[in-house]
Amino acid sequence: MPPRRPQRAGAFPKAVESPAQKNHARSRLYAALDLGTNSCRMLIAQPHGNQLQVVDSFSKSVQLGQGLESSGKLSRPAMQRTIAALHICKQKLVRHGVKHMRLVATEACRRASNGRAFIAQVRRETGLQLDIITPEEEARLAVISCAPLVSPKAEQVLVVDIGGGSTELVWLDLTSVPERERSRAIMRLHAGFRPADPNKPHAKVVDWISVPLGVATLREQFQDVEDDAARFALMSWYFEEHLSAFAPSSQAQPQEGFQIIGTSGTVTTVAASHLGLKRYDRTKVDGLQMTSSQIDAVIRDYLSLGPEGRRTDPRIGRDRHALIMSGAAILQTLLRLWPTERLSVADRGLREGLLYAQMSADGLILEPK
């Protein structure tokens with residue numbers, strides 16, 4: 001069910017298909033749709049001060065990028081599954097009378113040779129116009145959605161968004177920003193990685209990278225390796241090889257004042273496993289801080305379970321078990337490169353960033369105090 005009370009800006013319920021709410025001002029409704037390599041997800045919300053109130057949501061695993069690594073194309077069955085999900089999204093948008101929306105597609109459509117043709121097909125069959133966004137915009141939107149989780153004491157922040165087809169990393173330097181301004185300075189990045197108003201404190205983007213490996217694409221790279229532990233080790237090594245162009249990877253280890261924020265199904269699943277949750281509870285997961293040793297313990301547990309054990313583990317869930325080890329390989333690699341005692345778990349991401357950017361551009365949502 002969608003929440004009845006407004007949430008803090010950036011703090012949103014996990015998107016699942018939910019019944020519509022009737023009492024809302026249609027003229028103030030905004031929608032954000034994220035069509036990724038693995039999932040199709042949408043939120044419909046309205047602004048309230050510096051808060052967002054979710055009215056309706058939808059989430060479906062469509063596996064759009066299935067087979068993309070080997071063929072370079074989106075397959076017909078994958079496209080059919082995705083269009084069926086988008087028809088449901090269109091029905092929700094019409095039912096709520098949503099006029100303001102941003103509908104985007106990411107890595108699968110960026111990489112596929114028939115990606116743009118598929119977007120045209122979606123428009124013909126559903127009437128929805130999706131934009132294939134750049135990796136930079138995808139990274140930026142993920143960052144601003146996580147702004148409320150930034151610690152006032154954090155001087156260096158690494159935001160990590162582990163997607164189905166790609167992983168975005170953004171390194172922020174906040175040393176010149178007053179402590180009470182740090183969250184706001186990051187949210188101002190909705191206008192771009194360069195400050196729109198140099199007179200206001202702003203977060204310095206040291207570097208960012210979009211690695212074309214996510215939980216689905218990395219898994220496909222090594223699906224022919226039968227040994228579970230060997231496959232995990234190879235995925236970790238392969239992902240690290242793709243980080244050489246990321247400037248902070250060659251810098252000295254960060255010290256006090258360093259924070260990692262992880263946003264993805266992988267990170268929230270690891271957090272839920274750490275807490276022993278047999279039924280996912282966003283209120284316990286979003287904003288949770290975990291140490292490297294706690295995360296390593298969960299990943300070692302996943303490895304000891306093996307494929308069959310992970311398949312039946314209620315903490316992982318049926319939709320996540322096949323992808324959890326590729327995501328865990330990415331996460332463990334990052335923590336090996338940048339150890340921290342403070343990884344913040346974010347149950348939020350691209351859709352929330354899309355909503356905030358739209359509402360902020362229209363002057364309907366205020367910067368948090």
Side-chain angles (χ1 to χ4, degrees), residues 1-2 12-21 30-45 54-68 74-96 98 101-110 112 115 118-119 121-123 125-133 138 141-142 145 161-166 214-217 219-220 263-266 268-269 272 279-280 282 311 316-324 326-327 347-355:
M1 291 287 291
F12 301 92
K14 186 175 178 64
V16 293
E17 186 171 1
S18 56
Q21 289 186 355
Y30 287 75
L33 185 147
D34 168 18
L35 177 58
T37 301
N38 193 55
S39 302
C40 175
R41 295 175 292 185
M42 184 177 72
L43 284 178
I44 298 174
V54 174
V55 172
D56 205 350
S57 58
F58 174 80
S59 180
K60 179 73 174 178
S61 175
V62 295
Q63 300 178 58
L64 177 61
Q66 190 173 49
L68 177 60
L74 303 176
S75 70
R76 188 179 299 275
M79 291 189 290
Q80 290 175 341
R81 289 193 301 268
T82 302
I83 288 177
L86 290 170
H87 274 298
I88 298 174
C89 293
K90 176 61 180 294
Q91 292 169 5
K92 287 177 174 287
L93 292 168
V94 171
R95 185 190 316 157
H96 290 290
V98 180
M101 64 189 77
R102 186 87 196 279
L103 319 176
V104 305
T106 57
E107 186 67 10
C109 290
R110 282 197 296 260
F118 173 63
I119 295 299
Q121 180 183 350
V122 167
R123 185 172 185 177
E125 297 191 20
T126 69
L128 298 178
Q129 179 59 58
L130 274 66
D131 298 323
I132 302 176
I133 61 173
E138 184 176 1
L141 290 166
S145 74
D161 182 8
I162 306 173
S166 65
V215 295
T217 47
R219 176 175 176 266
E220 282 197 27
T263 169
S264 69
T266 294
T268 56
T269 300
R279 186 179 183 85
Y280 187 83
R282 181 188 181 276
R311 187 176 296 112
I316 299 174
R318 295 182 179 181
D319 291 341
R320 180 62 52 180
H321 74 85
L323 302 172
I324 190 60
S326 51
D347 186 348
R348 60 191 77 200
L350 183 57
R351 292 165 302 157
E352 292 82 357
L354 287 164
L355 286 170

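Predicted model only: the values in this text are computed from it and were never measured.
- Proximity of a side-chain donor or acceptor of E220 to a complementary backbone N or O of G67 within less than 3.5 Å is detected.
- A donor-acceptor pair is defined here as one N or O able to donate and one able to accept, closer than 3.5 Å; such a pair exists between the side chain of T126 and the backbone of L128.
- Residues satisfying the side-chain contact (heavy atoms from CB on, under 4.5 Å) criterion with Q63, sequence neighbours excluded, are N38, S61, Q66, R81.
- In this structure, the side chains of I83 and F118 come closer than 4.5 Å at one or more pairs of heavy atoms.
- The backbone N or O of S264 sits less than 3.5 Å from a side-chain atom of T268, completing a donor-acceptor pair.
- Inter-residue side-chain proximity for T106 and S166 is flagged as unmet; no heavy-atom pair is nearer than 4.5 Å.
- Side-chain atoms of R311 and I316, non-hydrogen and from C-beta on, never get closer than 4.5 Å to each other.
- Smallest separation of non-hydrogen atoms from A112 and L74: CB-CG, 3.5 Å.
- Counting all heavy atoms, side chain and backbone alike, I119 lies closest to C109 at CD1-SG, 4.1 Å.
- A distance-only check finds a donor-acceptor pair linking the side chain of S145 to the backbone of G349 [under 3.5 Å].
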Show the numbers, then the answer: is there a side-chain contact (heavy atoms from CB on, under 4.5 Å) between K60 and I88? CA-CA 10 Å; K60 179 73 174 178; I88 298 174; over 6 Å; no
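- A distance of 11.0 Å separates CD1 in I44 from CZ in F58, rounded to the nearest 0.5 Å.
- Under the side-chain contact (heavy atoms from CB on, under 4.5 Å) criterion, L354 pairs with A32, R102, V104, L141, L350, sequence neighbours left out.
- Across all non-hydrogen atoms, the minimal contact from A216 to L323 is CA-CD2, 4.0 Å.
- Of all heavy-atom pairs spanning L86 and C40, the tightest one is CD2-SG, 3.8 Å.
- For the atom pair Q80 CD and Q121 CD, the distance stands at 8.5 Å (nearest 0.5 Å).
- Contact annotation: the side chain of D56 approaches that of R95 to within less than 4.5 Å [non-hydrogen atoms, C-beta and beyond].
- Between the CD atom in E107 and the CD1 atom in I133 there is a gap of 10.5 Å [rounded to 0.5 Å].
- For the pair V55 and H96, the minimum side-chain heavy-atom distance is below 4.5 Å.
- Residues L43 and S57 approach most closely at CD2-CB, 3.5 Å, considering heavy atoms.
- Atom CZ of residue R219 and atom CD1 of residue I324 lie 12.0 Å apart, to the nearest 0.5 angstrom.
- When every heavy atom of C89 is checked against every heavy atom of L33, the shortest pair comes out as SG-CD1, 3.7 Å.
- Distance alone, capped at 3.5 Å, places no donor-acceptor pair between the E125 side chain and the V122 backbone.
- The distance from the CG atom of D161 to the CD atom of E138 is 6.0 Å, given to the nearest 0.5 Å.
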